[in-house]
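What you see is a predicted model; the values in this text were computed from it and never measured. So you know, we letter chains A, B, ... as the sequences are listed, proteins then strands, and number each from 1.
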Number of protein chains: 2
Amino acid sequence: MSVIVDPNAVQEMDEEWESEAATSGDTGLDEEEEDDGEPKICRVCGDRATGYHFNAMTCEGCKGFFRRAMKRSIHLSCPFQRSCVITKNNRRQCQACRLRKCLDIGMRKELIMTDEAVENRRALIRRKKQMRRVTVSAEVQTGLTSEHQLLIQELTQAQNQTFDRSFSHFHHFRPVERSPLRSCHSAESFDEYVPTSYGQIWRGGSGGSSPEDPYLTHCHQDPMDTMAPDSLHKSENSAERKVFCMLPHISDLSTYMIKGVISFAKVLAPFRELSIEDQIALLKGAAFELTQIRFNTLFNSTTGLWECGKLEYDINDASLAGFKALLLDPLLKFHYILKKLNLQNEEYSLMQAISLFSPDRPGVKHSERIDQLQEMCALALKSYIDTRRPQHEKKFLFPKIIRCLTELRSMNVEYCKQVVEIHDIQPDNSPLIMEVFSRGND
Amino acid sequence: MSVIVDPNAVQEMDEEWESEAATSGDTGLDEEEEDDGEPKICRVCGDRATGYHFNAMTCEGCKGFFRRAMKRSIHLSCPFQRSCVITKNNRRQCQACRLRKCLDIGMRKELIMTDEAVENRRALIRRKKQMRRVTVSAEVQTGLTSEHQLLIQELTQAQNQTFDRSFSHFHHFRPVERSPLRSCHSAESFDEYVPTSYGQIWRGGSGGSSPEDPYLTHCHQDPMDTMAPDSLHKSENSAERKVFCMLPHISDLSTYMIKGVISFAKVLAPFRELSIEDQIALLKGAAFELTQIRFNTLFNSTTGLWECGKLEYDINDASLAGFKALLLDPLLKFHYILKKLNLQNEEYSLMQAISLFSPDRPGVKHSERIDQLQEMCALALKSYIDTRRPQHEKKFLFPKIIRCLTELRSMNVEYCKQVVEIHDIQPDNSPLIMEVFSRGND
DNA sequence: GATGGTTCATTTAGTTCA
DNA sequence: TGAACTAAATGAACCATC
């Protein structure tokens with residue numbers, strides 16, 4: 001039964017039969033005098049129109065309705081007979097017919113801005129607003145453009161808000177356990193995970209370690225010393241002893257730090273404005289790097305310790321958590337080198353931002369925008385250095401920082417790999433860690 | 001069905017009038033006092049009114065009463081003279097008269113949300129509540145892994161981007177032509193392609209469905225009724241009349257929908273990463289299924305119509321395009337059954353993805369990867385249902401959806417066959433359709 | 001000035017529970 | 001049953017860009 005039978009059709013003497021057939025109702029009242037000044041009447045509901053909206057003369061109500069209904073993109077069904085006459089007073093009673101009428105009279109959904117366009121617009125407006133707030137004088141005084149100033153301000157603020165230097169939560173972590181461990185694995189499989197060459201490389205090259213090496217004066221036992229002899233025995237008494245004795249604690253520490261950097265990112269307006277998808281991709285890609293940058297601020301290059309309140313860690317703790325020299329060698333080097341640059345909080349924050357806004361992380365969709373952000377951060381860092389650092393530092397500091405970021409990035413891959421490997425042996429890592437690192441980064 | 005007589009069509013924009021009668025022919029009541037500040041008095045019982053409810057100024061009591069009474073849909077009878085005067089104090093004494101009064105003053109049952117709509121609303125609220133807690137993927141237990149979350153997000157985004165619900169292109173299709181057709185073909189060839197058994201099967205003939213089958217009680221004309229008598233006459237005046245009068249339009253509609261699902265696939269990153277060869281194989285294999293899944297979102301199971309803006313189609317339209325009961329019977333059944341599941345956008349999108357990534361389509365080269373993708377989509381759907389659906393739905397929804405997909409797949413073959421057969425008789429199909437369907441699928 | 005989006009008080013669905 | 005809720009949709013007034 002060719003269903004589109006419309007009783008109204010008979011009454012319609014308008015030229016365009018079909019465009020009216022389903023909904024008609026405006027009975028040509030507003031049509032005839034279109035000559036010049038259009039009648040300010042909503043073509044959908046007959047209310048007072050406020051101009052053309054999405055290509056049709058409509059009222060504010062129908063304008064908003066059309067935008068919202070199209071964005072919701074769900075199918076609406078008329079509870080009546082699909083032929084409701086839309087009027088000012090009944091327009092809310094049938095969304096389906098109202099929307100159909102909108103389309104009938106030529107409203108076009110292409111004229112609705114996409115979510116992305118809206119986001120860009122919002123970002124633009126926000127930036128301009130802030131820009132306006134910052135006076136030009138400030139720019140003159142600091143030598144930084146107000147845009148850079150604002151950015152740096154936002155970053156350091158985010159950093160301070162989300163980097164807990166009280167270390168008060170560290171007590172909730174699973175306990176520190178540095179004592180010799182007993183393997184449930186065979187000697188060779190264990191060898192695979194704790195490199196024998198570790199000590200040599202660490203201790204500075206050719207000859208073994210000299211006691212005065214700053215980063216070796218600490219209480220780490222070589223796991224091999226105590227463990228190898230036992231490694232073929234099955235664990236007899238100590239059910240809790242793990243192969244990677246520090247893993248539970250280090251895992252909780254990492255998890256905590258990751259939550260911190262996630263908060264850091266989420267506090268940043270330009271980050272929040274990205275799609276959720278991209279936010280996740282960026283965080284997955286940068287989590288390791290950001291935590292290491294933050295750890296660097298806690299690093300004491302004299303003692304080789306990361307000082308976290310009353311707890312402190314050395315590189316061997318990482319090896320006791322199962323990480324191998326292939327990662328730990330360059331990582332420790334990184335910390336010494338970066339520490340030497342003696343960065344300020346602003347610079348650390350900018351570094352984090354540059355790492356975070358890496359447009360080439362796997363899974364990133366809108367890389368252009370992220371690229372912009374990264375570039376802005378880099379420029380801000382450059383300007384900051386130029387204006388705040390003494391002459392002799394200006395020249396090389398920026399490239400050195402960038403170099404550190406590059407090194408960090410190259411460790412990222414290895415880190416992810418080792419996390420997964422470790423987890424296969426001893427699944428002590430938190431779900432968050434596994435989620436963030438369990439797929440390839442880069 | 002010219003039953004839909006709309007009094008408003010004749011009446012001009014008479015302010016008071018319109019507020020009352022959207023479509024139904026209810027007595028336009030006298031709204032003498034409504035001028036500006038309406039009296040906040042319940043039109044049913046005289047109690048203090050709280051606003052318009054179901055199209056009438058009523059109190060909270062009558063609002064709730066009306067909803068419940070209409071939903072219960074049982075017959076009420078007055079213990080008195082069927083003429084009780086309803087007041088605030090006696091309103092509970094006679095439900096029958098109270099309800100009658102409600103209807104009299106213009107309360108409309110259509111403005112009560114359907115059970116389906118309510119369910120959707122609940123689901124949406126549930127989803128939003130969960131969403132509120134989500135910051136970054138794993139941070140919070142959404143019950144979905146971030147991988148699944150991302151997948152679902154990508155799919156729904158692709159769906160929204162590529163499924164044009166404005167139906168604005170439908171006007172460019174060749175015209176709808178539902179009138180009786182005249183054959184240019186010889187009787188026998190005609191008979192061959194418009195199955196004589198069609199009507200019987202449809203109407204519940206020998207082998208078939210019983211009349212009370214919900215999906216068979218609908219108003220389709222049997223093409224044979226009008227056509228058979230004429231089938232021996234050659235077309236005398238109408239050169240344009242075709243054997244399959246709806247074919248041109250339906251063909252353009254199908255072509256358009258296929259373009260839509262191709263776009264859907266092409267927007268998906270995991271799809272784009274497949275070899276071009278496999279992309280083509282998958283699309284050829286799934287085009288029919290995807291379009292049908294999309295059509296289901298437009299299907300109104302109350303009316304048996306697919307609602308596409310101001311156009312609407314019923315199953316008979318497909319038969320007027322030459323499709324036969326062997327396809328159309330199970331297809332209509334499929335639409336009723338799937339619709340009943342009341343799926344959300346996310347679930348429809350996942351369904352499409354599962355169908356799309358079928359590793360066993362003819363011509364597929366790298367089936368392992370596709371198998372992976374399909375499995376991931378299936379798992380995502382399962383988790384989605386587990387986390388977003390109420391307890392009682394969790395159990396069977398997933399298998400039911402899979403069952404629908406199986407059914408759809410089995411129709412795929414028959415569809416391809418009929419498309420080719422139809423094209424042999426009346427080559428109105430677009431090249432795209434022929435390209436997609438002209439070789440065996442499965 | 002024209003026409004996009006934004007804001008937020010208001011309206012009116014459904015929900016809860018005594 | 002209905003008073004007191006919650007929340008989505010609405011639209012008037014507004015802001016911003018071109």
Item checked: Residue list, ring pair (Phe, Tyr, Trp, His ring centres under 6.0 Å) with B:Y348, at least two apart or on another chain -> none

Margin query: Could you check whether the side chain of B:K63 and the base of C:dG14 have a donor-acceptor pair of N or O atoms closer than 3.5 Å, going by distance alone?
Written below: yes

Got a list of protein N/O to nucleotides 16-18 of chain C N/O distances below 3.5 Å?
none

Check: Looking at C:dG14, D:dA16, D:dA12, which one has an atom nearest to any side-chain atom of A:I125?
Finding: D:dA16

Check: Which part of the nucleic acid, if any, lies within reach of A:G64 when heavy atoms closer than 4.0 Å are counted: base, sugar-phosphate only, or nothing?
Finding: nothing

Margin query: Considering every strand and a 4.0 Å limit on heavy-atom distances, what is the contact class for A:R91: base, sugar-phosphate, or nothing?
Written below: sugar-phosphate

Check: Where each residue is assigned the nucleotide of DNA chain D containing its nearest heavy atom, which of A:L124 and B:Q95 is assigned the position nearer the 5′ end?
Finding: B:Q95

Note to self: Rounded to whole Å, how long is the line connecting atom CG of A:L111 with atom P of C:dT3?
What the structure shows: 11 Å

Item checked: Gap between atoms OH and P, on B:Y52 and D:dT10 respectively (whole Å) -> 18 Å

Item checked: Nearest-Å distance for atom pair CZ/C1', residues A:R67 and C:dT6 -> 8 Å

Notebook entry, point to check: Contact class for A:R108 vs. all strands (heavy atom < 4.0 Å): base, sugar-phosphate, or nothing?
Noted result: nothing

Note to self: Under a 3.5 Å threshold, yes or no: a donor from one side chain and an acceptor from the other, between A:R98 and A:Q95?
What the structure shows: no

Note to self: Without decimals, in angstroms, what is the distance between A:F65 CZ and D:dA12 P?
What the structure shows: 15 Å

Note to self: Could you tell me how far apart A:E119 (CD) and C:dG4 (C1') are, to the nearest whole angstrom?
What the structure shows: 16 Å

Note to self: Side chains of B:T162 and B:R294: any donor to acceptor distance under 3.5 Å?
What the structure shows: yes

Check: A:E60 has a side chain; which of D:dT10, D:dT17, C:dG5 sits nearest to it?
Finding: C:dG5

Check: Considering residues at least two apart in sequence or located in another chain, which fulfil the ring pair (Phe, Tyr, Trp, His ring centres under 6.0 Å) criterion with B:F66?
Finding: B:F54

Item checked: Length of the CG-P vector between A:N120 and D:dC18, whole Å -> 12 Å

Next item on the list: Using the test side-chain hydrogen bond (donor to acceptor under 3.5 Å, both in side chains), find all partners of B:Q352 that sit at least two apart in sequence or belong to another chain.
Entry: B:Q159

Next item on the list: Calculate the interatomic distance between B:F54 atom CZ and C:dA13 atom C1'; express it in whole Å.
Entry: 7 Å

Check: Of the candidate nucleotides C:dG4, D:dT10, C:dT6, which contains the atom at the shortest distance from the side chain of A:H53?
Finding: C:dG4

Only pairs under 3.5 Å count here: list side-chain donor-acceptor contacts from residues 73-83 of chain B, not counting sequence neighbours, and write none if there are none.
none

Notebook entry, point to check: To the nearest angstrom, how far is A:I74 atom CD1 from D:dA9 atom C1'?
Noted result: 11 Å

Notebook entry, point to check: Residues two or more places apart in sequence or in another chain: which of them pass side-chain hydrogen bond (donor to acceptor under 3.5 Å, both in side chains) with A:R121?
Noted result: none

Notebook entry, point to check: Between C:dT11, D:dG2, C:dG4, which one does the side chain of A:R92 approach most closely?
Noted result: C:dT11

